[in-house]
Amino acid sequence: MVLLLASLTAGLFLSSSRAASISPPAQAEQIQWVNCTNNVPQPLQAQFNITNWGDDPSLPPLPSTLHCGYLKVPMDYSQPIGSNNTISVGIAMYRPDNPEGVIFYNSGGPGEPVAVMAWEVALNLTQTFNGLLNFDLMMMDVRGTFSSNELNCSVELFNEIPTTFFTNISEFDAVQTGVKNFAQSCIDLSSPPGIVQFIGTNEMVKDWEAIRIALGYDKISYYGISYGTFYGMEYLYRYPDNCDRFVLDAVFAHGMSDEDTVMYDMKAIDRLLLRADAYCMFNTTCPLHQQGKGSIPAAFQEIITQATQKPLSAPSCINSTVCNSVVTADNIRTAINFEFTSNPDFPYVDEALYQATQGDASMVGIIERGTTGPATDIASTIVFPLICLDIALDNNSYAGFEQLRSSSYKDDPAMLRVSNIFDIELYCSAWPFPAQPKQLLPTNHTSLMWVTADFDLNLPTEFATFAWAQAPNSVLVVRHGDDHGTLQVPNQPAAAMEVSFLATGVLPNVTDEELVTVYTPGSTRGPIPDPYSVPVGPLAGETSTYAGI
């Protein structure tokens, strides 16, 4: 079902007045502000080895700009809030004197710790929001995570879900059974009863709306990365009159078919193999540099062929608990995919492939072990309870997934044969609660910027093109390079454009430069550039920590 939005005009930030004339709806609550000292986010507790900020006298005092709180909201928004239908969502805010407006932020995941970012901004542990520190910055942990009624699920049952490399219907059924067992643990162990049904985007954007009302703002601006773009577009679609400047960076598009999402994912990983090859071509430290263009894909094909016939040996991993001493072809594919995801580590991949061609697959074994090793806590298992309420599948049968995999291989000439999105869809095919139906979310909003990178594997750049087509008055910013998300990549003109737009409300003009191209309303996106034609290394977003073995 596609609903049409009325035309919207670009809105400017209101001043710091809190729109006190707006009355909260009957179900709205007031934010309960609490002492941040006693409410340290889990990531900072681990980082500083504390539970209370006052536990370590060497830590600086918490700044007055940091605010922590909770808001009571209905578990199920279709029912009145009450004793059996209430949860609390946790927020943290950076709040300067006389803010010029409010920016909501979500870092994606889904299920990434979000509230901690307000702490990092206030404590000057990050420069991500430099240029925006004259705004209220609102960070909410999405429901079901961290300070927002965190779910309780069996990590052990999660670790028992079989690999997604099924070869027959029995193995497919085993994956589905494993997912169902894990899901049941979430249902049985989490409270209040029924919460697992109500942690999707459908409820999450209503939580944001409740926070907007509680803060007293007429409009919010928004910066979302990755799955945060999925959330952000849903909020914009449902509450268009309450939206100002929106930046959606590394786009997960609404309404795409399963076949297209997996097909684009396969294309993206093949592009990343060519980017690793480009890195080797232009860097003399690469062990295959002298062999020229094509050396990395050739090395990959060589070890895949060898491992298909007989698993490779990883002698450095014998008797090791951190890597696998025997490496199969599927292990290799999984490992390379892992190193290409998010911030790709081309130097490590190039060295690992070279070492494997020389008879030692230890570096590949280390990657694979880290990729498929067991989850250790609830936070590392939470993505599926969150995302599977949003992923409505076209065909969740064995035959449907066999067809999906077969068709996607047509766009995978390098035979990498892995797709993060395929795996997610496979797990979600067994989720016990129905997902929200697929739906395009068209908008005429004029203060909207999409941002993508040509060689992002997590969410391929084609997703941004698809979403941009549903928003004819918006701007598409294409960063020419690697990595997932742009604001955190140093020295990028695209990142400066994001900050400038959020700060001023002025969208960038048409631009076509080495590191960025800007497409304005009415224009047509050009082709994805040749992987060898774009700069490699830190300038393009690649920030490897590999320093040899």
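Between Met497 and Thr486 the shortest side-chain heavy-atom distance does not fall below 4.5 Å. At least one side-chain heavy atom of Ile332 sits less than 4.5 Å from a side-chain heavy atom of Leu312. A 4.5 Å side-chain heavy-atom check between Arg333 and Asn337 finds every atom pair outside the cut-off. Taking 4.5 Å as the limit, some side-chain heavy atom of Leu539 sits within range of a side-chain heavy atom of Leu515. Residues His254 and Tyr237 have side chains not in contact (no heavy-atom distance under 4.5 Å, counting atoms from C-beta outward). Within the 4.5 Å cutoff, no side-chain heavy atoms of Glu462 are placed close to those of Met263. Counting heavy atoms from C-beta outward, Asp345 and Pro347 have side chains that approach closer than 4.5 Å. Val518 has its side chain out of reach of Val510: every pair of non-hydrogen atoms, C-beta onward, lies at least 4.5 Å apart.
Note: Met266 CE to Arg405 CZ = 8.5 Å, rounded to the nearest 0.5 Å. Atom CD in Gln127 sits 10.5 Å away from atom CD in Glu120 (nearest 0.5 Å). Atom-to-atom distance recorded for Asp244:CG and Ser221:OG is 4.0 Å, nearest 0.5 angstrom. To the nearest 0.5 Å, the span separating CG on Asp423 from SG on Cys428 amounts to 11.0 Å. Taking CD of Gln358 as the reference point, atom CD1 of Ile303 lies at 11.5 Å (rounded to 0.5 Å). Summarising the geometry, atom CH2 belonging to Trp119 is positioned 15.5 Å from atom CG belonging to Asn124; distances are rounded to the nearest 0.5 Å.
A 6.0 Å sphere centred on CD of Gln290 holds no more than 12 heavy atoms belonging to other residues, nucleotides or ligands. With a 6.0 Å radius and a threshold of 12 heavy atoms from other residues, nucleotides or ligands, Glu259 has its CD atom at or below the threshold. Other residues, nucleotides and ligands contribute at most 12 non-hydrogen atoms within 6.0 Å of the CG atom of Asn491. Within a 6.0 Å radius of CZ in Phe172, other residues, nucleotides and ligands contribute more than 12 heavy atoms.
When atom types are taken as modelled, the side chain of Glu339 and the backbone of Ala335 share no donor-acceptor pair closer than 3.5 angstrom. Of the possible donor and acceptor atoms, one in the side chain of Ser407 sits under 3.5 Å from a partner among the backbone N and O of Gln403. Judged by distance alone, with hydrogens and angles left aside, the side-chain atoms of Asp360 form no donor-acceptor pair with the main-chain N or O of Gln355 at under 3.5 Å. A distance-only check finds a donor-acceptor pair linking the side chain of Arg417 to the backbone of Asp412 [under 3.5 Å]. When atom types are taken as modelled, the side chain of Ser362 and the backbone of Ser316 share a donor-acceptor pair closer than 3.5 angstrom. Remark: side-chain polar atoms of Thr305 are paired, donor with acceptor, to backbone N or O of Gln301 under 3.5 angstrom. In this structure, the side chain of Ser447 does not engage the main chain of His445 through any donor-acceptor pair within 3.5 Å. For Asp350 (side chain) and Cys286 (main-chain N/O), no donor-acceptor pair under 3.5 Å exists by modelled atom type. Looking only at distances, a side-chain donor or acceptor of Thr504 sits under 3.5 Å from a matching main-chain atom of Ser500. Under a 3.5 Å cut-off, the side chain of Asp249 and the backbone N or O of Gly224 do not form any donor-acceptor pair.
Using modelled atom types and a 3.5 Å distance limit, the side chains of Thr285 and Asn283 yield no donor-acceptor pair. With 3.5 Å as the limit, one finds no donor-acceptor pair spanning the side chains of Tyr398 and Asp173. Between Asp265 and Asn420, the side chains place no donor N or O within less than 3.5 Å of an acceptor N or O (distance only, hydrogens not considered). Between the side chains of Thr517 and His480, at least one donor N or O lies within less than 3.5 Å of an accepting N or O. In the model, Asn331 has a side-chain atom that pairs as donor or acceptor with a side-chain atom of Thr328 under 3.5 Å.
The distance between the ring centers of Phe129 and Tyr105 falls below 6.0 angstrom. For Phe340 and Phe455, the distance between ring centers is not under 6.0 angstrom.
Residues passing the side-chain hydrogen bond (donor to acceptor under 3.5 Å, both in side chains) test with Tyr235 are Glu209, sequence neighbours excluded. Annotation: salt bridge (Lys or Arg N to Asp or Glu O under 4.0 Å) contacts of Asp258 (sequence neighbours excluded): Lys438.
Listed by first then second residue, pairs satisfying salt bridge (charged side-chain N to carboxylate O under 4.0 Å, His left out) with a partner in residues 521-537 read Asp454-Arg525, not counting sequence neighbours. The salt bridge (charged side-chain N to carboxylate O under 4.0 Å, His left out) pairs that include a residue from residues 108-118 number zero, where partners must be two or more places apart or lie in different chains. Among pairs with a residue in residues 481-496, those fulfilling salt bridge (charged side-chain N to carboxylate O under 4.0 Å, His left out) read Arg275-Asp482, at least two apart in sequence or across chains. Within the structure, no pair that satisfies the salt bridge (charged side-chain N to carboxylate O under 4.0 Å, His left out) test touches residues 502-520, not counting sequence neighbours.
Using cut-offs of 30° and 60° for the angle between ring planes, the Trp468 and Tyr519 rings count as tilted. Below 30°, between 30° and 60°, or above 60°: for Tyr264 and Phe463 the angle between ring planes is above 60°, a perpendicular geometry. Note: Phe182 and Phe158 have perpendicular aromatic rings, judged against thresholds of 30 and 60 degrees for the angle between ring planes. Taking the six-membered ring where tryptophan is involved, the planes of Tyr227 and Tyr231 are perpendicular, since the angle between them exceeds 60° and thus also 30°. A tilted orientation is assigned to the rings of Phe346 and Tyr279, their planes being inclined by 30° to 60°.
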(message) Quick one, Val251 with Leu459, criterion side chain to side chain contact (heavy atoms under 4.5 Å, CB included). Give me CA distance, side-chain angles, the key distance, then yes/no.
(response) CA-CA 6 Å; Val251 179; Leu459 292 171; over 6 Å; no

(request) Would you check, one step at a time, whether the test side chain to side chain contact (heavy atoms under 4.5 Å, CB included) holds for Leu389 with Thr201? (result) CA-CA 8 Å; Leu389 292 172; Thr201 296; over 6 Å; no

(request) Quick one: do Cys388 and Ile391 satisfy side chain to side chain contact (heavy atoms under 4.5 Å, CB included)? Show the steps, please. (result) CA-CA 5 Å; Cys388 289; Ile391 303 298; 5.6 Å; no

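The pair Asp277-Lys293 does not count as a salt bridge, with every side-chain nitrogen at least 4.0 angstrom from each carboxylate oxygen. Salt bridge annotation for Lys267-Asp270: absent, with no cationic side-chain nitrogen under 4.0 angstrom from a carboxylate oxygen.
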